[in-house]
Amino acid sequence: MSAAEGPLVVGVDTSTQSTKALVVDASTGRVVASGQAPHTVSSGAGRESDPRQWWDALCEALRQCGDAAREAAAVSIGGQQHGLVTLDDRGEPVRPALLWNDVRSAPQARRLTEELGGAKFWAERTGSVPAASFTVTKWAWLAENEPESVRATKAVRLPHDYLTERLTGQGTTDRGDASGTGWWASGTESYDEEILARVGLDPAMLPRVVRSGEVAGTVRDSHDLPFSKGTLVAPGTGDNAAAALGLGLRPGMPVLSLGTSGTVYAVSKRRPTDPTGTVAGFADAHGDWLPLACTLNCTLAVDRLATLLGLDREAVEPTTGLTLLPYLDGERTPNLPNASGLLHGLRHDTTAGQLLQAAYDGAVHALLGALDLVLDDDADRSAPLLLIGGGARGTAWQQTVRRLSGRPVQVPEAKELVALGAAAQAAGLLTGEDPAAVARRWNTTRGPVLDAVERDEETLARISGVLSDAAPLLERSPEAH
């Protein structure tokens with residue numbers, strides 16, 4: 001390994017399933033060491049994790065980084081959004097954290113929306129309409145179902161806040177992650193006292209929101225990590241905002257993230273306020289906004305179809321007249337929570353490969369529909385789509401996105417974009433740069449650009465038509481089937 005050209009920084013991605021750590025040369029962006037350790041998540045109705053596991057995983061991931069981690073001058077933590085971490089008066093978890101994908105608070109989300117001004121009020125006040133993923137709904141659920149846990153809680157944190165606080169001894173967060181709680185007012189960029197009063201949460205229990213470029217603290221004496229006392233700690237942020245930093249996004253650059261669920265987002269100068277709830281009006285990590293829309297059915301749904309058909313996920317064949325809406329888990333965009341998968345146009349000569357291609361088409365159609373809602377009117381609609389996530393390197397995904405978007409597609413070679421974004425944030429503390437500018441200097445979007453092809457308007461129109469015609473069926477509750 002050649003010597004680093006500049007100071008070393010550490011970027012962390014504490015996600016739902018694991019914690020990853022990268023030691024990065026702040027001068028070049030070169031990853032000089034990495035480590036990863038898993039977490040466990042409960043199964044059943046809830047999705048919970050013990051926050052202390054995240055700390056243990058961070059310790060192990062950094063141990064795997066070896067001596068390089070000891071030389072780091074700054075560290076930053078990106079993390080899964082929305083999770084509710086409740087701490088007692090000793091800073092210990094009162095109970096396991098309620099994670100973003102714990103949907104038990106759906107009734108509380110509906111009730112909060114109705115009781116406090118409706119969807120328009122919430123969109124204008126917080127940028128988003130409450131959904132079961134948001135932290136405010138989880139706190140309301142906890143107050144109803146575990147009042148003893150609420151009484152024992154002296155501090156409320158998000159996952160990245162918890163790890164940052166264990167590093168520094170100070171309760172801090174950032175605007176990007178705070179914007180996903182449901183109790184941060186995007187218009188004033190402060191905690192919303194009316195909403196907090198409605199759910200019975202004392203604002204004194206919340207962390208201080210640290211500004212971009214500000215030091216959140218320094219590594220304190222008592223810890224189990226290889227950092228020196230006094231190592232700078234950046235504010236950190238939520239995973240989507242960290243990935244946006246990791247890509248060095250400029251306003252209007254569109255991102256399609258192909259994972260278990262699909263996510264589309266772009267940096268914007270305008271504060272989003274979508275009363276339909278389709279676009280979440282998140283803040284980014286450095287002063288702009290990160291409107292984001294999510295589809296529930298992406299790689300996992302298409303892989304499930306491939307398994308049912310006994311095919312490799314790449315074994316697609318061109319199809320005409322066949323439409324498959326792969327809404328296996330219901331769908332969020334379009335908003336059809338009770339939907340199931342729907343197939344239309346099946347013929348005697350239809351092949352398994354054509355069915356699989358139709359599943360890709362249906363998933364990408366939903367993603368592109370969400371992207372249209374995220375992008376500002378003046379965004380360049382011919383700019384390359386940045387394709388990231390687990391499906392981004394799949395040929396069938398790449399070709400389907402090209403054909404249905406009519407746009408060039410760029411596939412960044414960089415993989416751990418959340419951790420890279422956190423590392424760019426840490427590097428920015430040392431250099432005084434905007435972290436997104438650091439990532440651009442590191443050229444993190446470097447990767448092949450696939451030229452645009454003619455947009456397949458016929459397939460797009462067919463899927464839209466089937467979706468419209470089938471709406472009454474897709475909107476039925478499961479009990480009505």
Can you measure from [atom1] ([X]) to [atom2] ([Y]) and round to the nearest 0.5 angstrom?
X	Y	atom1	atom2	value
S76	D13	OG	CG	11.0 Å
T237	L290	OG1	CG	9.0 Å
D312	L309	CG	CG	12.0 Å
Q410	R407	CD	CZ	12.5 Å
L167	T172	CG	OG1	9.5 Å
T299	L258	OG1	CG	7.5 Å

Any donor-acceptor pair under 3.5 Å linking the side chain of [X] with the backbone of [Y]?
X	Y	result
T126	A123	no
H82	G180	yes
S468	G465	no
S105	A132	yes
T113	A109	yes
T459	D456	no
E331	L296	yes
E314	A396	yes
K269	D288	no
Q80	D239	no

Name every donor-acceptor pair, under 3.5 Å, that has one atom in a side chain of residues 444-455 and the other anywhere in the protein, sequence neighbours excluded.
from, atom 1, to, atom 2, distance (Å)
T444, OG1, G246, O, 2.5
R455, NE, L404, O, 3.3

Flag the pair [X] / [Y] as yes when at least one side-chain heavy-atom distance between them is below 4.5 Å, and no otherwise.
X	Y	answer
V267	M253	no
T173	P235	no
R175	D284	yes
T400	V316	no
R313	V302	no
D102	W100	no
P412	L386	yes
W183	W139	yes

Do [X] and [Y] have side-chain N/O donor and acceptor atoms under 3.5 Å apart?
X	Y	answer
S257	T263	no
Q36	S18	yes
Q81	N240	yes
T19	T14	yes
Q357	D361	yes

Specify the closest pair of heavy atoms between [X] and [Y], including all atoms of both residues, with the distance to one decimal.
X	Y	value
C298	L367	SG-CD1, 4.2 Å
D376	R381	O-NH2, 3.2 Å
T153	S149	OG1-O, 2.7 Å
T40	S49	O-OG, 2.8 Å
A363	N297	CB-O, 3.9 Å
D349	Q354	O-OE1, 3.9 Å

> Going through the distances and angles, do L158 and V85 end up as a side-chain contact (heavy atoms from CB on, under 4.5 Å)?
Replying inline: CA-CA 6 Å; L158 297 165; V85 181; 6.0 Å; no

Are any of the side-chain nitrogens in [X] or [Y] under 4.0 Å away from the carboxylate oxygens of its partner?
X	Y	value
E48	R104	yes
R52	D50	yes
E124	K120	yes

> Does the pair L473 and L342 meet the rule for a side-chain contact (heavy atoms from CB on, under 4.5 Å), with working shown?
Replying inline: CA-CA 10 Å; L473 185 62; L342 185 144; 3.9 Å; yes

> Are more than 12 heavy atoms from other residues, nucleotides or ligands located less than 6.0 Å from atom CD of E115?
Replying inline: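 Buried by this count: over 12 neighbours within 6.0 Å.
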
> Between V41 and T16, does a side-chain contact (heavy atoms from CB on, under 4.5 Å) hold up when you go through it step by step?
Replying inline: CA-CA 8 Å; V41 179; T16 315; 4.1 Å; yes

>> Apply side-chain contact (heavy atoms from CB on, under 4.5 Å) to residues S186 and F282 and explain how you reach the verdict.
In response: CA-CA 8 Å; S186 60; F282 297 146; over 6 Å; no

>> Test of understanding: with ring pair (Phe, Tyr, Trp, His ring centres under 6.0 Å), list the residues that count as partners of Y162, not counting sequence neighbours.
In response: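 If we apply the ring pair (Phe, Tyr, Trp, His ring centres under 6.0 Å) test to Y162, skipping adjacent residues, there are no hits.
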
>> Parallel, tilted or perpendicular, judged at 30° and 60°: which one describes the rings of Y360 and W397?
In response: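 Ring orientation, 0 to 90° scale: perpendicular.
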
>> Taking the ring centre of each residue, are Y327 and H365 less than 6.0 Å apart?
In response: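 When the ring centroids of Y327 and H365 are compared, they turn out to be at least 6.0 Å apart.
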
